[in-house]
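Beneath this line is the structure, given in structure tokens, with notes to follow.
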2 protein chains.
Amino acid sequence: MTTLERIDAPEQAPAAEVVHSARSCRMVGDILARVGDKWSMLVVMTLLEDNRHFNELKRGIDGISQQMLSRTLRALERDGLVLRTVHASVPVRVEYALSGLGRSLAEPVKALGAWAVTNRVSIEASRAVYDSRGDEVWSRA
Amino acid sequence: MTTLERIDAPEQAPAAEVVHSARSCRMVGDILARVGDKWSMLVVMTLLEDNRHFNELKRGIDGISQQMLSRTLRALERDGLVLRTVHASVPVRVEYALSGLGRSLAEPVKALGAWAVTNRVSIEASRAVYDSRGDEVWSRA
DNA sequence: CAGCATCCTACACGATACTG
DNA sequence: CAGTATCGTGTAGGATGCTG
């Protein structure tokens with residue numbers, strides 16, 4: 001509620017704008033939460049390569065349970081990021097594809113992924129230092 | 001493990017590369033998780049404006065408990081995203097500031113925030129449609 | 001002022017079994 | 001094949017109280 005809404009800052013905020021910003025802010029939190037959850041972006045990135053059937057996704061995404069895949073897909077579909085198509089063949093086949101919205105989301109997410117990859121080493125180093133520092137207090141006993 | 005590591009894809013992966021990719025992938029997940037948690041990016045964005053003391057942050061970030069602020073700050077500090085400086089004044093004052101790393105993270109995060117703001121309406125519309133569709137099954141009773 | 005320790009609740013996520 | 005239902009666990013996050 002404090003800072004992130006400044007992203008779309010028209011800067012002069014009348015009373016009504018406050019409400020609007022609050023909504024925007026909640027939405028931003030929503031999106032960050034979805035991006036941050038364990039499987040959503042893995043699914044999006046997989047679908048970015050090509051459309052997939054349910055079990056293709058399950059096989060392609062290492063370690064995901066069918067439960068979580070199902071839930072993740074439903075959430076993504078609800079948000080309009082993923083399109084679901086049921087092919088009425090003999091054994092039912094359901095095809096999942098990224099929507100335009102989903103494809104557009106992939107861009108900033110990839111930027112974040114790239115940042116993570118480039119800064120991985122720095123972060124791991126920082127953690128190592130931080131974690132070993134607690135010792136100092138008693139290690140020189 | 002499947003797709004996100006392709007971001008840094010040197011594409012020809014010998015046995016050793018697989019390990020490397022797995023580490024990268026875990027790290028990307030880590031970062032996405034941190035970005036996705038409830039308060040981290042709010043803190044980062046607040047510190048992007050200016051350095052703050054603990055209670056300034058607490059007051060500035062609406063709804064955060066001091067517990068969560070404390071935990072979030074320690075996590076950010078551990079990752080080297082936030083710098084902590086203790087001023088040994090009479091009542092102790094601790095100043096928090098973004099590191100260069102933290103500032104660099106803010107960029108892709110802002111991109112994501114911008115995406116969320118621009119696509120907020122589409123997503124809400126999609127959710128409304130999705131949520132009302134469950135009705136159809138029984139609403140025409 | 002800054003913050004850790006404790007307790008509690010809600011939910012994310014996982015494993016398994018069952019269905020059309 | 002493509003799910004839903006059920007159950008169990010870990011942990012994120014909130015409320016409160018204490019400390020230096």
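What you are looking at is a predicted structure, and each value in this text was computed from that prediction instead of being measured. Note on naming: letters A, B, ... go to the chains in the order of the sequence lines (proteins, then strands), and numbering restarts at 1 for each one.
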Take nucleotides 8-14 of chain C nucleotide by nucleotide from the 5' end and write B, S or -, depending on whether a protein heavy atom sits under 4.0 Å from the base, only from the sugar-phosphate, or from neither. -----BB

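- When every heavy atom of A:Leu73 is checked against every heavy atom of A:Val82, the shortest pair comes out as CD2-CG1, 4.5 Å.
- Contacts between residues 72-87 of chain B and DNA chain C, defined by a heavy-atom separation below 4.0 Å, involve B:Arg74, B:Arg84, listed by number.
- Judged purely by atom type and a 3.5 angstrom limit, B:His53 uses its side chain to pair as donor or acceptor with the backbone of B:Val94.
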Result block: side-chain N/O donor-acceptor pairs under 3.5 angstrom for residues 32-40 of chain A, not counting sequence neighbours:
residue, atom, partner, partner atom, Å
A:Arg34, NE, A:Asp79, OD2, 2.7
A:Arg34, NH2, A:Asp79, OD2, 3.2
A:Asp37, OD1, A:Trp39, N, 3.2
A:Asp37, OD1, A:Ser40, N, 2.9
A:Asp37, OD1, A:Ser40, OG, 3.0
A:Asp37, OD2, A:Ser40, OG, 2.9

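- With salt bridges taken as basic N to acidic carboxylate O contacts below 4.0 Å, none links B:Glu95 and B:Arg84.
- Checking side-chain atoms of B:Thr118 against main-chain N and O of B:Trp115 turns up a donor-acceptor pair under 3.5 Å.
- In terms of phosphate contacts, A:Ser70 brings a side-chain nitrogen or oxygen within less than 4.0 Å of OP1 or OP2 of D:dT4.
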Review item, nucleotides 17-20 of chain D N/O atoms under 3.5 Å of protein N/O:
residue, atom, partner, partner atom, Å
D:dG17, O6, B:Gln66, OE1, 3.3

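- For the pair A:Glu77 and B:Ser126, the tightest heavy-atom approach, listed with the atom from each and the gap, is O-OG, 3.9 Å.
- A salt bridge between A:Arg59 and A:Glu56 is absent, with no side-chain N of the basic residue lying under 4.0 Å from a carboxylate O of the acidic one.
- Residues passing the side-chain hydrogen bond (donor to acceptor under 3.5 Å, both in side chains) test with B:Asp30 are A:Arg127, sequence neighbours excluded.
- In this entry the distance linking CG of B:Leu69 with C1' of C:dG3 reads 10 Å, nearest Å.
- End-to-end axis angle of the helix from C:dC1-D:dG20 to C:dG20-D:dC1, using five pairs per end and rounding to 10°, comes to 40°.
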